[in-house]
Participant: 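Take this structure, written in structure tokens, and hold onto it; I'll ask about it next.
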Number of protein chains: 2
Amino acid sequence: MLRVSRLTDYATVVMTCIAAHPADVLSTAQIADEARLELPTVSKLLKLLGHAGLVESFRGVNGGYRLARPAEAISLADIVEAMEGPIGMTECSVAQGQCDRQSQCGVSDSWRSVSGAIGGVLRAMTLAQMLAGRPTAPAKDATQVAQANA
Amino acid sequence: MLRVSRLTDYATVVMTCIAAHPADVLSTAQIADEARLELPTVSKLLKLLGHAGLVESFRGVNGGYRLARPAEAISLADIVEAMEGPIGMTECSVAQGQCDRQSQCGVSDSWRSVSGAIGGVLRAMTLAQMLAGRPTAPAKDATQVAQANA
DNA sequence: GAAAACAGTACCATTTTGGTCCGGTATTGA
DNA sequence: TCAATACCGGACCAAAATGGTACTGTTTTC
């Protein structure tokens with residue numbers, strides 16, 4: 001199955017938990033409890049999300065995490081890229097020159113195009129929409145357009 | 001990186017090779033040679049593609065493989081699903097009831113929506129378009145729509 | 001009936017993934 | 001000042017997935 005890693009899935013859960021308390025700084029323990037995930041796992045996730053600049057961290061007593069910017073300004077693509085690196089469906093969609101068949105390969109352009117379209121789908125879904133928890137219009141529109149063109 | 005497996009990538013190369021000779025039945029050896037892939041690997045790919053009904057196989061001397069239907073009627077989604085199973089970005093996008101947090105999980109609907117949109121992107125790209133080897137309009141349109149809505 | 005070519009299955013090495021733990025450092029507040 | 005809280009940065013390990021290969025069987029042609 002074409003899918004994101006389980007940690008990426010967890011990361012979206014964690015991010016929505018944090019987004020649900022916009023005013024507070026939540027400790028790893030609080031987040032783990034709310035997301036119903038193991039504490040060390042959540043700790044690892046938050047570390048990566050922090051490096052990507054999606055959450056702010058505060059050390060010391062009463063420390064914890066908070067969104068680095070409003071939930072409307074964080075997309076699913078941001079979260080996926082924080083966890084898995086650049087979005088690209090094949091090796092050669094991301095790193096050029098890896099594949100010695102590049103010159104005569106007819107499919108790399110197609111894959112690059114598809115990767116771009118999928119990136120667009122992920123950018124269209126914001127954390128705020130995920131928090132609202134209902135199927136969102138933008139992604140549905142993209143589906144319909146793609147299907148209409150198929 | 002969010003990506004398909006290398007075998008799926010190879011499968012698209014193999015399929016375009018076969019599609020490039022619509023009138024012929026090609027042996028595994030011929031296809032491996034043209035795709036510049038190892039023969040046992042190509043053999044494995046063709047077996048899976050055959051099970052999915054994307055290629056027809058012929059046994060015996062002068063046997064080999066041929067597209068089961070025109071290249072216009074085979075989508076990238078068909079190939080990806082043949083190699084990796086149903087398209088879904090998370091476990092719970094495909095198999096219900098796996099996750100005991102389903103009831104209070106706010107993100108599963110969003111992931112399902114995104115998975116649907118990505119399926120649409122993959123369905124919009126046909127083997128004929130990949131064979132033509134140029135960036136295709138439909139996928140680009142989907143990107144633009146998604147970005148416009150973001 | 002011999003050779004060509006696909007079919008099915010099993011196997012193994014490598015990499016990735018998921019998950020855990022530990023020592024270090026910054027902050028707070030008594 | 002100092003102890004408690006909590007994040008930081010690694011390292012580490014077991015389990016699963018992936019990629020690749022080999023072998024034996026069956027079908028078809030000549």
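Order of the sequence lines sets the chain letters (A, B, ...), proteins ahead of strands, with each chain counted from 1. The figures that follow rest on heavy atoms only: side chains count, while hydrogens, waters and symmetry mates do not. Keep in mind the model is a prediction, meaning the values are calculated, not measured.
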Participant: Expressed in angstrom and rounded to an integer, what is the separation of A:Leu46 atom CG from D:dC8 atom C1'?
Facilitator: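 Answer to the nearest Å: 12 Å.
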Participant: With a cut-off of less than 4.0 Å, is there a side-chain N or O of B:Tyr10 near OP1 or OP2 of D:dT18?
Facilitator: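 No, because none of the side-chain N or O atoms of B:Tyr10 sits under 4.0 Å from OP1 or OP2 of D:dT18.
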Participant: Could you state the atom-to-atom distance from CZ of A:Arg3 to P of C:dT16 in whole Å?
Facilitator: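 For the pair A:Arg3 CZ and C:dT16 P, the rounded distance is 15 Å.
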Participant: Does the side chain of B:Thr41 get closer than 4.0 angstrom to OP1 or OP2 of D:dG19 through an N or O atom?
Facilitator: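 For D:dG19, OP1/OP2 do not have a side-chain N/O of B:Thr41 under 4.0 Å.
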Participant: Does OP1 or OP2 of D:dC8 have a side-chain N or O of A:His51 closer than 4.0 Å?
Facilitator: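 False: A:His51 side-chain N/O out of range (4.0 Å or more) of D:dC8 OP1/OP2.
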Participant: Does A:Ser57 place a side-chain N or O at less than 4.0 Å from the phosphate oxygens OP1/OP2 of D:dC8?
Facilitator: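 The answer is yes; a side-chain N or O of A:Ser57 sits under 4.0 Å from OP1 or OP2.
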Participant: Rounded off to whole Å, could you give me the CG-to-P distance for the B:Leu7 and D:dT18 pair?
Facilitator: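 Distance check: B:Leu7 CG to D:dT18 P gives 9 Å.
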Participant: Would you mind reading off the distance between A:Glu56 atom CD and D:dC8 atom P, rounded to a whole angstrom?
Facilitator: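 Taking atom P of D:dC8 as the reference, CD of A:Glu56 is at 11 Å.
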Participant: Using whole Å, what does the distance between atom C1' of nucleotide D:dC7 and atom CG of A:Leu49 come to?
Facilitator: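 Rounding to the nearest Å, CG of A:Leu49 and C1' of D:dC7 are 14 Å apart.
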Participant: Counting only heavy atoms not in A:Glu38 (residues, nucleotides, ligands), do more than 12 fall under 6.0 Å from its CD?
Facilitator: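 Counting other residues, nucleotides and ligands, CD of A:Glu38 stays at 12 neighbours or fewer.
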Participant: Using OP1 and OP2 only, check whether a side-chain N or O of A:Thr28 sits under 4.0 Å from D:dC7.
Facilitator: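 The answer is yes; a side-chain N or O of A:Thr28 sits under 4.0 Å from OP1 or OP2.
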Participant: Over all strands shown, is A:Ser43 touching base, sugar-phosphate only, or nothing at heavy-atom distances under 4.0 angstrom?
Facilitator: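 Answer is nothing: A:Ser43 stays at 4.0 Å or more from every strand.
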Participant: Expressed as a whole number of angstroms, how long is the span from B:Leu48:CG to D:dT18:P?
Facilitator: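 Checked: the CG to P distance equals 12 Å.
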Participant: Please determine, by modelled atom types, if B:Thr8 and B:Ser5 share a side-chain donor-acceptor pair under 3.5 angstrom.
Facilitator: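 Side chains of B:Thr8 and B:Ser5: pair found under 3.5 Å.
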Participant: Reading DNA chain D from 5' onward, which residue's closest nucleotide shows up sooner: A:Lys44 or A:Arg59?
Facilitator: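 It is A:Arg59, whose closest nucleotide lies nearer the 5' terminus.
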Participant: Please confirm whether the shortest side-chain N or O distance from A:Asn62 to OP1 or OP2 of D:dA4 is below 4.0 Å.
Facilitator: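 Negative; the distance criterion is not met.
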Participant: How is B:Gly50 classified with respect to the nucleic acid when contacts are heavy atoms under 4.0 Å: base, sugar-phosphate, or nothing?
Facilitator: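 No contact.
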